[in-house]
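Computed from a predicted structure; not experimentally measured.
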Amino acid sequence: MSSLQESTLNDIPYPAITKIAGRPTYVSIRELVRQLKANASAIATDLGGGQHGFLGLILLDNEYQELTGRTWVHPTHPGLTAAIPTGASAGDRTQGYHEHKMRLEMWRKYNAVQNLLK
């Protein structure tokens, strides 16, 4: 388990999701989804406007849009290295490296939270 997952477990309301015993019912599935939504919402992110945590991982895109008025964008891997144009100034290179690092950190956090909520 990553250190992000360990620290996040301390912040979520349901570190252990209620298991469904036997055949799932509407009520048991609804409770499971409620707990997942609560956990996802409790983990801070700037994705989707930043007001609803990682709720966008649990809801369908149209449900998230309807609830928040914003689009949830699933981050993609930014590549192994920053795309720095030839002839970029030192400041532009530094900015490019910084932005790449931030996108990579967000992608890693997104995947860690996604794995945590499974």
Engineer: Stepwise, does the side-chain contact (heavy atoms from CB on, under 4.5 Å) test hold for Arg70 with Trp72?
Structural biologist: CA-CA 6 Å; Arg70 295 191 171 251; Trp72 176 264; over 6 Å; no
Engineer: Can you tell me how far apart CD1 (Ile17) and CG (Leu36) are? Round to the nearest 0.5 Å.
Structural biologist: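 The CD1 atom of Ile17 sits 4.5 Å away from the CG atom of Leu36.
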Engineer: With side-chain contact (heavy atoms from CB on, under 4.5 Å) as the criterion, how do Glu66 and Leu59 come out once you've worked through the C-alpha distance, each side chain's angles and the decisive distance to 0.1 Å?
Structural biologist: CA-CA 10 Å; Glu66 185 176 316; Leu59 299 179; over 6 Å; no
Engineer: Going by side-chain contact (heavy atoms from CB on, under 4.5 Å), name the residues that satisfy it together with Pro85, two or more places apart in sequence or in a different chain.
Structural biologist: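 Ala88.
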Engineer: Suppose the criterion is salt bridge (Lys or Arg N to Asp or Glu O under 4.0 Å): which pairs have a residue in residues 27-55, not counting sequence neighbours?
Structural biologist: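 Found Glu31-Arg34.
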Engineer: Working note: Leu47 + Val73, criterion side-chain contact (heavy atoms from CB on, under 4.5 Å); need CA distance, chi angles, decisive distance, verdict.
Structural biologist: CA-CA 7 Å; Leu47 296 173; Val73 177; 5.6 Å; no
Engineer: Report the distance from atom CG of Asp61 to atom OG1 of Thr71, rounding to the nearest 0.5 Å.
Structural biologist: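 Rounded to the nearest 0.5 Å, the CG-OG1 separation comes to 8.0 Å.
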Engineer: With Leu60, which residues qualify under side-chain contact (heavy atoms from CB on, under 4.5 Å), at least two apart?
Structural biologist: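 Once residues adjacent in sequence are excluded, the partners of Leu60 under the side-chain contact (heavy atoms from CB on, under 4.5 Å) criterion are Asn62, Glu63.
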Engineer: What pairs with Ser41 under side-chain contact (heavy atoms from CB on, under 4.5 Å), at least two apart in sequence or on another chain?
Structural biologist: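 Listed in chain order: Leu55.
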Engineer: With a cutoff of under 4.5 Å between side-chain heavy atoms, which Ile, Leu, Val, Met, Phe, Trp and Tyr residues group with Tyr97?
Structural biologist: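 Under the 4.5 Å side-chain rule, Tyr97 groups with Ile84.
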Engineer: Could you list the residues that satisfy side chain to side chain donor-acceptor pair (under 3.5 Å) with Thr18, not counting sequence neighbours?
Structural biologist: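 Applying side chain to side chain donor-acceptor pair (under 3.5 Å) to Thr18 gives Gln35.
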Engineer: So how far is it from Leu67 CG to Gln51 CD, rounded to the nearest 0.5 Å?
Structural biologist: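 Nearest 0.5 Å value for the CG-CD distance: 11.5 Å.
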Engineer: Please give me the minimum heavy-atom distance between Ala40 and Leu117, naming the atom from each residue.
Structural biologist: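 Taking Ala40 first and Leu117 second, the nearest heavy atoms are CB-CD1, 3.8 Å.
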Engineer: Please report the closest heavy-atom contact between Gly96 and Ala82, naming both atoms and the distance.
Structural biologist: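 Distance-wise, the nearest heavy atoms are O-CB, 3.7 Å.
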Engineer: By side-chain contact (heavy atoms from CB on, under 4.5 Å), which residues pair with Glu105, not counting sequence neighbours?
Structural biologist: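 side-chain contact (heavy atoms from CB on, under 4.5 Å) list for Glu105, sorted by chain: Lys101, Met102.
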Engineer: Please identify which of these residues, Arg93, Glu99, His98, meets the side-chain hydrogen bond (donor to acceptor under 3.5 Å, both in side chains) condition with Gln95.
Structural biologist: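 With Gln95 as partner, Arg93, Glu99, His98 yield a single side-chain hydrogen bond (donor to acceptor under 3.5 Å, both in side chains), made by Glu99.
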Engineer: Determine whether Phe54 and Gln114 satisfy the following criterion, side-chain contact (heavy atoms from CB on, under 4.5 Å), listing intermediate values before the conclusion.
Structural biologist: CA-CA 9 Å; Phe54 277 91; Gln114 190 172 36; over 6 Å; no
Engineer: How are the rings of Tyr64 and His52 set relative to one another: parallel (under 30°), tilted (30 to 60°) or perpendicular (over 60°)?
Structural biologist: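 Taking His52 first and then Tyr64, their aromatic rings stand perpendicular (interplane angle over 60°).
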Engineer: Could you work out, with side chain to side chain donor-acceptor pair (under 3.5 Å) as the rule, every residue matching Thr76, not counting sequence neighbours?
Structural biologist: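 Once residues adjacent in sequence are excluded, Thr76 has no partner under the side chain to side chain donor-acceptor pair (under 3.5 Å) criterion.
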Engineer: Hey, could you give me the CG/NZ distance between Asn115 and Lys118, rounded to the nearest 0.5 Å?
Structural biologist: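 It comes to 4.5 Å.
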Engineer: Compare every heavy atom of Thr45 with every heavy atom of Met106, then report the nearest pair and how far apart it is.
Structural biologist: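 The pair with the smallest heavy-atom distance is CE-OG1, 3.5 Å.
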Engineer: Who clusters with Trp107? Use side-chain heavy atoms, under 4.5 angstrom, across I, L, V, M, F, W and Y, and order the result by chain and number.
Structural biologist: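 Leu104, which link up through side-chain heavy atoms under 4.5 Å apart, make up the rest of the cluster.
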Engineer: Counting distance only, does the side-chain N/O of Asn39 pair as donor-acceptor with the main-chain N or O of Ile12 below 3.5 Å?
Structural biologist: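 Not at all, since once roles are kept as given, no pair shorter than 3.5 Å links the two residues.
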Engineer: Using the test side chain to side chain donor-acceptor pair (under 3.5 Å), find all partners of Thr94 that sit at least two apart in sequence or belong to another chain.
Structural biologist: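 Thr94 satisfies side chain to side chain donor-acceptor pair (under 3.5 Å) with no other residue.
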Engineer: Measure the spacing between OH of Tyr110 and CG of Leu57 and express it to the nearest 0.5 Å.
Structural biologist: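 Those atoms lie 5.0 Å apart.
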Engineer: For Ser89, what residues pass the side chain to side chain donor-acceptor pair (under 3.5 Å) criterion, not counting sequence neighbours?
Structural biologist: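 For Ser89, the residues satisfying side chain to side chain donor-acceptor pair (under 3.5 Å) (neighbours in sequence not counted) are Asp92.
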